[in-house]
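I have placed the structure first, in the form of structure tokens, so that the comments after it can refer back to it.
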Amino acid sequence: MTLLVVLPTYNERPNIERVSEAILRYPWTRLLVVDDGSPDGTGQLADALAAKSGGRMEVLHRTGSRGLGLSYVDGLRRALATDADAIGQMDADLSHDPAYLPDLLAALDRFDLAIGSRYLHGVSVVNWPLHRIALSAFANRYIRLVTGLAAHDCTSGFRLWRREALAKLPLDHAEASGYAFLTEMLYEAARLGCRIGEVPIVFVERREGYSKVSSHVLFESLVTPWRLVMRGGRVTGAPR
Ligand SMILES: Nc1nc2c(ncn2[C@@H]2O[C@H](COP(=O)(O)OP(=O)(O)OP(=O)(O)O)[C@@H](O)[C@H]2O)c(=O)[nH]1
Ligand SMILES: [Mg+2]
């Protein structure tokens, strides 16, 4: 199986080299960086790394409105136009350790979507202050209650998809432009009857760079679950 990882970046210059090396260390991976015109020059550094990658790394330079969801729509569409068997999503700040990629890929034998989950066996988060853990736990409980989604970690951005499953998702109609896009994708996958599985990961808080979570994207995250169920109803289905 070949895996194409879609990696959205905004001001990740201190991390991009390490994370791309760690992803490309496996011979079956390829990498698509989706940079939102980072002022710190992440996109240019990524271009230089891509030039040395022997064609395994590509950079998509976005212009116009910035957003994690908007970047994923563009990047995942581009990924679906390739012949990769599996398509991955992850953060560039090394919170998602590429060393989990083999486990996640192996889970695609049984599932259409494998989530790298922080909450499968208690809480596996390193270096988060208590309020951050509480916020994330609340967000997950809230999303599950409102939407009926069953995954332990509905907001994880570390995910691998079988390409056929991802191709069925209505990416063109995604409404969330920020982090809530991840919830929207999971909801659509459950509605389509995708087999959703979780693989335990340890999430480590970023050491370099800074968080881009804003009050706007937090507000969008509160509203999105309600918007989804009003449009398409609650979903059901136990996680595996
Ligand atoms: N292309 C693009 N990438 C983004 C945008 N916002 C965030 N990202 C990337 O999305 C990933 C997750 O963003 P973070 O700021 O780390 O969000 P987080 O992991 O929820 O927050 P922290 O735990 O504080 O790091 C990182 O790779 C960011 O560079 C954006 O507007 N556009
Ligand atoms: Mg992060």
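Note that ligands are numbered from 1 as they come in the structure, with each ligand's atoms numbered from 1 the same way.
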* To do: Supply the atom-to-atom distance Lys168 NZ to Asp112 CG, rounded to the nearest 0.5 angstrom.
  => 6.0 Å

* Protein residue, atom and distance nearest to atom 7 (C) of ligand 1, heavy-atom basis -> Tyr179 OH, 3.4 Å

* Asked: Should Arg132 be listed as contacting ligand 1, given a heavy-atom distance under 4.0 Å as the test?
  -> yes

* Got a sec: is Asp91 within less than 2.8 Å of the Mg ion (ligand 2) via an N/O/S atom? -> no

* Asked: Closer than 4.0 angstrom: is that true for some heavy atom of Gly67 and an atom of ligand 1?
  -> yes

* Structure fact -> Among non-hydrogen protein atoms, atom 1 (N) of ligand 1 lies closest to Ser71 OG, 2.9 Å

* Asked: Do Ile115 and Leu186 pass the side-chain contact (heavy atoms from CB on, under 4.5 Å) test, and can you show the C-alpha distance, the side-chain angles, and the key distance before you say yes or no?
  -> CA-CA 10 Å; Ile115 303 173; Leu186 187 60; 3.9 Å; yes

* Would you say Ser211 has any N or O atom under 3.5 Å from an N or O of ligand 1, going by distance alone? -> yes

* Asked: Under 3.5 Å, N or O to N or O, is Pro8 touching ligand 1 that way?
  -> yes

* Asked: Hey, does the side chain of Asp35 reach the backbone of His61 with a donor-acceptor pair shorter than 3.5 angstrom?
  -> no

* Structure fact -> What one should report as the nearest heavy-atom pair of Pro14 and Asp40 is CD-OD2, 4.3 Å

* Parallel, tilted or perpendicular: which fits the ring planes of Phe203 and His96, with parallel below 30° and perpendicular above 60°? -> perpendicular

* Is a side-chain donor or acceptor of Glu198 paired with a backbone partner of Asp153 at a separation under 3.5 angstrom? -> yes

* Structure fact -> With heavy atoms and a 4.0 Å threshold, my read on which part of Arg206 contacts ligand 1 is side chain

* To do: Identify the protein heavy atom lying closest to atom 15 (O) of ligand 1, giving its residue, its atom name and the separation to 0.1 Å.
  => Lys212 N, 2.8 Å

* atom 31 (O) of ligand 1: nearest protein contact (heavy atom, Å) -> Arg66 NH1, 2.8 Å

* Asked: Against heavy atoms of Asp91, which atoms of ligand 1 measure under 4.0 Å?
  -> 11 (C), 12 (C), 19 (O), 27 (O)

* Mark up the atoms of ligand 1 that fall under 4.0 Å of a heavy atom belonging to Asp93, in ascending order. => 16 (O), 19 (O), 25 (O)

* Asked: Between Leu228 and Leu145, is there a shared hydrophobic cluster once you connect ILVMFWY residues whose side-chain heavy atoms come closer than 4.5 Å?
  -> no

* In the protein, which heavy atom is nearest to atom 23 (O) of ligand 1, and how far is it? -> Glu205 OE1, 3.1 Å

* **Shortest protein heavy-atom distance from atom 32 (N) of ligand 1, along with the residue and atom involved** => Asp36 OD2, 2.5 Å

* To do: Quick one: do Val6 and Tyr72 satisfy side-chain contact (heavy atoms from CB on, under 4.5 Å)? Show the steps, please.
  => CA-CA 8 Å; Val6 178; Tyr72 266 135; 4.0 Å; yes

* Asked: What N/O/S atom of Asp93 is the closest to the Mg ion (ligand 2)?
  -> OD2

* To do: Could you tell me whether Val34 and ligand 1 have an N or O pair separated by under 3.5 Å?
  => yes

* Would you please test Arg231 and Glu175 for side-chain contact (heavy atoms from CB on, under 4.5 Å) and show each step? => CA-CA 12 Å; Arg231 195 175 69 193; Glu175 285 182 37; 3.2 Å; yes

* Asked: Between Cys154 and Arg159, what is the shortest heavy-atom contact and its length?
  -> O-NH2, 2.9 Å

* Report yes or no: do Leu169 and Tyr187 belong to one cluster of Ile/Leu/Val/Met/Phe/Trp/Tyr joined by side chain heavy-atom distances under 4.5 Å? => yes

* Interatomic spacing from CZ in Arg141 to OG in Ser136 - rounded to 0.5 Å -> 12.0 Å

* Minimum-distance protein heavy atom relative to atom 28 (C) of ligand 1 -> Glu12 OE2, 3.2 Å

* Structure fact -> The protein heavy atom nearest to atom 8 (N) of ligand 1 is Leu68 CD1, 3.9 Å

* Nearest neighbour of atom 27 (O) of ligand 1 from the list Gly178, Ser65, Ala92, on a heavy-atom basis -> Ala92

